[in-house]
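First the structure, in the form of structure tokens, and then the observations on it.
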Number of protein chains: 2
Amino acid sequence: MKKISSKLEDYLEAIYLLQQENIVARVKGVAEMLDVRPPTAISAIQRLSELELLEHQHYGYIKLTRKGLKIAKSVYRRHETLLIFLVDILGLDIEVSLPQACGMEHSISAKTRKRFELLTNFIKFDPSILKKWREYCEEHCDEK
Amino acid sequence: MKKISSKLEDYLEAIYLLQQENIVARVKGVAEMLDVRPPTAISAIQRLSELELLEHQHYGYIKLTRKGLKIAKSVYRRHETLLIFLVDILGLDIEVSLPQACGMEHSISAKTRKRFELLTNFIKFDPSILKKWREYCEEHCDEK
DNA sequence: TTATAATATTAGAGGAAGCTAATATTATAA
DNA sequence: TTATAATATTAGCTTCCTCTAATATTATAA
């Protein structure tokens, strides 16, 4: 599977999320979700279409192909895993965690994602460790 | 402090590391470290010079300014923290960890970095937790 | 000291990703 | 059904970041 840029990954992820809600995505929704202007979204969508990662009918729907969906899901999975780690384990606010998860999600491998998930569960579902960690964090988090 | 692109952060970090070894950095070293051609390095160095993050004498040395050094150190610190986390806690090989740390280092805040460091120390320096985590990881890491 | 090698720089091109302004199409409401 | 609003697209420009080829400077070795 070819490597695409992190920007293009963002577009696939956004289209995937819109598809979840509405079956198909539209240019306006994509542009709004990624906070870009419609022409910017269009040009990304056209490149993704050339890569056969989605199908785009003129003035019509946008739909991920099987290959596109696969990439989109994997990006979103990394995003989710990192977000949960930042919020539930590192104890960061959701608002600051979101953009950081969005930044990191393009850099980690499947194996790394899995390890993040394991560590999250290891801590989260062991009350004594979770408690110890929370206390440790509380105690040291104002240092330096 | 102005936000610069992650590419420019990479250049500052590389120059910082070269400075550590040789007092001053040179174009060739920077280009080699970042795996780009000299003209690419030059153009980045010129932009950084305009931002007053480094001083660059024609055909001569490259030296970070105080502002540049501050950014470089902070990037490198994030890099180090993430690398140690990936290797010592998540148990990943150094070769796969390096590029992933390089990717993530541009996305995390100072607070997030600190939390990563705390979590690393919390696990690393508690032998019983470390042992439990290693076993847990070993047991589950082949799933999915 | 001068020729050669190494290094640095400039010039110019290209792709990615963004924008605005203008235009085309589709959807909606009178 | 037709005028208007909403949406999508095209055209053309900008900046960032990369490259190669050509040129300039500095360092080294004969």
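Per chain, numbering begins at 1; letters A, B, ... match sequence-line order.
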Quiz item: Hey, does Y61(A) reach any base, or is it just sugar-phosphate, or nothing, if we go heavy atoms under 4.0 Å?
Solution: nothing
Practice problem: Round to a whole Å and report the spacing from CD of Q57(B) to P of dT9(C). | Solution: 10 Å
Quiz item: Taking any strand in view, what nucleotide pairs with dA21(C) in a Watson-Crick or G-U wobble way, both distances under 3.5 Å?
Solution: dT10(D)
Quiz item: Choosing from dC16(D), dT9(C), dT18(D), which nucleotide comes nearest the side chain of Y11(B)?
Solution: dT18(D)
Quiz item: Within the distance-only criterion (no hydrogens, no angle test), does the side chain of S97(B) pair as donor or acceptor with the backbone N or O of D93(B) below 3.5 angstrom?
Solution: yes
Exercise. Check whether any side-chain heavy atom of H106(B) lies under 4.5 Å from a side-chain heavy atom of D10(B), and answer yes or no.
Key: yes
Practice problem: Round to a whole Å and report the spacing from CD1 of I42(B) to P of dC19(D). | Solution: 13 Å
Self-check item: Rounded distance (Å) that lies between atom C1' of dT25(C) and atom NZ of K28(A)
Solution: 16 Å
Quiz item: Quick one: on DNA chain C, does K7(A) or R26(A) contact a more 5' nucleotide (nearest heavy atom)?
Solution: K7(A)
Quiz item: Just how far, in rounded Å, is P of dT7(D) from CD1 of I62(A)?
Solution: 13 Å
Self-check item: Y16(A) and Y76(A) aromatic ring geometry - parallel, tilted or perpendicular at 30°/60° bounds
Solution: tilted
Exercise. Could you tell me the separation between the CG atom of D35(B) and the C1' atom of dC19(D), rounded to a whole number of Å?
Key: 13 Å
Quiz item: Which base sits across from dA13(C) as a Watson-Crick or G-U pair, both distances under 3.5 Å?
Solution: dT18(D)
Self-check item: Residue matched to dA27(C) through Watson-Crick or wobble contacts both under 3.5 angstrom
Solution: dT4(D)
Quiz item: Thinking salt bridges, do R113(A) and E117(A) make one under a 4.0 Å N-O criterion?
Solution: yes
Quiz item: Between F116(B) and F116(A), what is the ring plane arrangement, given parallel below 30°, perpendicular above 60°, and tilted in between?
Solution: perpendicular
Quiz item: Over how many whole Å does the gap from I45(B) atom CD1 to dC17(D) atom C1' extend?
Solution: 14 Å
Quiz item: For S43(A), which contact category applies under a 4.0 Å heavy-atom criterion: base, sugar-phosphate, or nothing?
Solution: nothing
Exercise. Determine: side-chain N/O of H56(B) to OP1/OP2 of dT9(C), distance under 4.0 Å, yes or no.
Key: yes
Quiz item: If you check the Y59(B) side chain, which of dC17(D), dT10(D), dT9(C) turns out closest?
Solution: dT9(C)
Exercise. Compare the minimum distances between each of dA11(C), dT10(D), dC17(D) and the side chain of P39(B), then state the nucleotide with the smallest one.
Key: dA11(C)
Quiz item: Quick one: is dT7(D) close enough that its OP1 or OP2 comes under 4.0 Å of any side-chain N or O from H58(A)?
Solution: no
Exercise. Look at all strands and tell whether E32(B) reaches a base, only sugar-phosphate, or nothing, counting heavy atoms closer than 4.0 Å.
Key: nothing
Practice problem: Compare all side-chain heavy atoms of L119(B) with those of L119(A) and state whether any distance is below 4.5 angstrom. | Solution: yes
Quiz item: Nearest-Å distance, CG (L51(B)) to C1' (dC17(D))?
Solution: 15 Å
Self-check item: Whole angstrom value for the distance that separates P of dA22(C) from CZ of R37(A)
Solution: 16 Å
Quiz item: Any side-chain N or O of T40(A) under 4.0 Å from OP1/OP2 of dC19(C)?
Solution: yes
